[in-house]
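Here is the structure we will look at.
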Amino acid sequence: MTLDELIQKCKQQDVKAQGALYQQYSGVLFSICLRYSPNHTEAEDNLQDAFITIFAKVGQFKDKGSFEGWMKRITVNTVLQKYRKQKVFNIKEEANIEQPEDEDVVIESEVPLKYLLQIIQELPDRYRLVFSMYVLDGYQHKEIAEMLGISDGTSKSNLARARGILKKKVEQYKDSQ
């Protein structure tokens, strides 16, 4: 069955097609959920919520652009909506912070990918979300600010703080080897 046929059957709420779509894309979308979630269990919950939304809104997909890209956007938005409801961002606290320098975190291949994912997941929610959106998914600060309901400055500050935390943890890891 082609992707177009699969999409059409999902629009008709065909359970077998939904299962096939889940099988085909759950790995890709789960990796997104892992980047935005503090742990594996919450990532699984977020993936489930994303697929519920995808199946509910598949009728809104108008064959413009990539279907996978559309599903990725829904997945990111589903996770972000959950954290917005949890009031992850304390905007008053962040608004008075000076702008830190935008330093790059250099991650060498000596650091295992599993460890990198672990330390990203250990970041405070607001730092993890901004870091994932900016570094891993390529959003700009203005887009991040709009999606999370924060200022550009808060986005930049959270990114700098996330990078600082990750840099320290990577240095500690390399020192312990």
Hey, is the main chain of [Y] close enough, under 3.5 Å, to the side chain of [X] for a donor-acceptor pair?
| X | Y | result |
| --- | --- | --- |
| Ser132 | Leu129 | no |
| Ser157 | Gly153 | no |
| Glu42 | Asn39 | no |
| Thr154 | Ile150 | no |
| Thr53 | Asp49 | yes |
| Ser37 | Leu34 | no |
| Glu143 | Gln140 | yes |

(request) Quick one: do Lys82 and Asp45 satisfy salt bridge (charged side-chain N to carboxylate O under 4.0 Å, His left out)? Show the steps, please. (result) CA-CA 11 Å; Lys82 177 180 179 178; Asp45 290 345; 5.1 Å; no
Any side-chain heavy-atom pair from [X] and [Y] closer than 4.5 angstrom?
| X | Y | value |
| --- | --- | --- |
| Phe51 | Ile74 | no |
| Thr75 | Ile54 | yes |
| Leu3 | Tyr25 | yes |
| Cys10 | Gln18 | yes |
| Leu80 | Tyr36 | yes |

Q: Kindly check if the number of other-residue, nucleotide or ligand heavy atoms within 6.0 Å of CD (Gln13) is above 12?
A: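 Not buried by this count: 12 neighbours or fewer within 6.0 Å.
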- Within 6.0 angstrom of Lys11 NZ, more than 12 heavy atoms from elsewhere: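 More than 12 heavy atoms, drawn from other residues, nucleotides or ligands, come within 6.0 Å of this atom.
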Is the distance between the ring centroids of Tyr134 and Tyr139 under 6.0 Å?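 So the answer is no for these two rings.
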For this session: In sequence, state the C-alpha distance, the side-chain angles, and the governing distance for Phe67 and Val58, and then conclude on side chain to side chain contact (heavy atoms under 4.5 Å, CB included).
Result: CA-CA 10 Å; Phe67 184 69; Val58 70; 4.1 Å; yes
If I compare all heavy atoms of [X] with all of [Y], which pair ends up nearest, and what's the gap?
| X | Y | answer |
| --- | --- | --- |
| Ser66 | Phe61 | O-CE1, 4.1 Å |
| Leu6 | Ala20 | CD1-CB, 3.8 Å |
| Cys33 | Ala43 | CB-O, 3.5 Å |

Lys9 vs Leu21, test: side chain to side chain contact (heavy atoms under 4.5 Å, CB included). Steps then yes/no. CA-CA 10 Å; Lys9 288 191 180 266; Leu21 187 72; over 6 Å; no
Flag yes if Ile52 and Phe30 sit in one hydrophobic cluster, no otherwise; membership is Ile, Leu, Val, Met, Phe, Trp, Tyr, and two members link when side-chain heavy atoms are under 4.5 Å apart.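 No: no chain of side-chain contacts under 4.5 Å links Ile52 to Phe30.
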message = Check for me, please, whether Ile7 and Val15 land in the same ILVMFWY cluster - side-chain distances under 4.5 Å, paths through other members count.
response =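 In one cluster with Ile7: Val15, no.
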Determine, step by step, whether Ile32 and Leu136 satisfy the side chain to side chain contact (heavy atoms under 4.5 Å, CB included) criterion, reporting the C-alpha distance in whole Å, the side-chain angles of both residues, the deciding distance to 0.1 Å, and the verdict. CA-CA 9 Å; Ile32 292 170; Leu136 304 175; over 6 Å; no
[atom1]/[X] to [atom2]/[Y] distance, rounded to the nearest 0.5 angstrom?
| X | Y | atom1 | atom2 | value |
| --- | --- | --- | --- | --- |
| Glu146 | Lys142 | CD | NZ | 6.0 Å |
| Tyr127 | Leu166 | OH | CG | 11.5 Å |
| His141 | Asn158 | NE2 | CG | 10.0 Å |
| Thr2 | Gln8 | OG1 | CD | 9.0 Å |
| Leu148 | Met133 | CG | CE | 5.0 Å |

Any Lys/Arg nitrogen of Lys169 or Glu122 sitting under 4.0 Å from an Asp/Glu carboxylate oxygen of the other?
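Salt bridge between Lys169 and Glu122, a charged N being under 4.0 Å from a carboxylate O: yes.
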Does a salt bridge link Lys72 with Glu68, judged by any charged N lying under 4.0 Å from a carboxylate O?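 Answer for the salt bridge query: yes.
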### Task
Given side chain to side chain contact (heavy atoms under 4.5 Å, CB included), test Leu47 with Ser26 step by step and report yes or no.
CA-CA 8 Å; Leu47 178 67; Ser26 62; 4.3 Å; yes
Passing candidate, side chain to side chain contact (heavy atoms under 4.5 Å, CB included) with Val130, options Val135, Ile144, Leu123 |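 The option that passes is Ile144.
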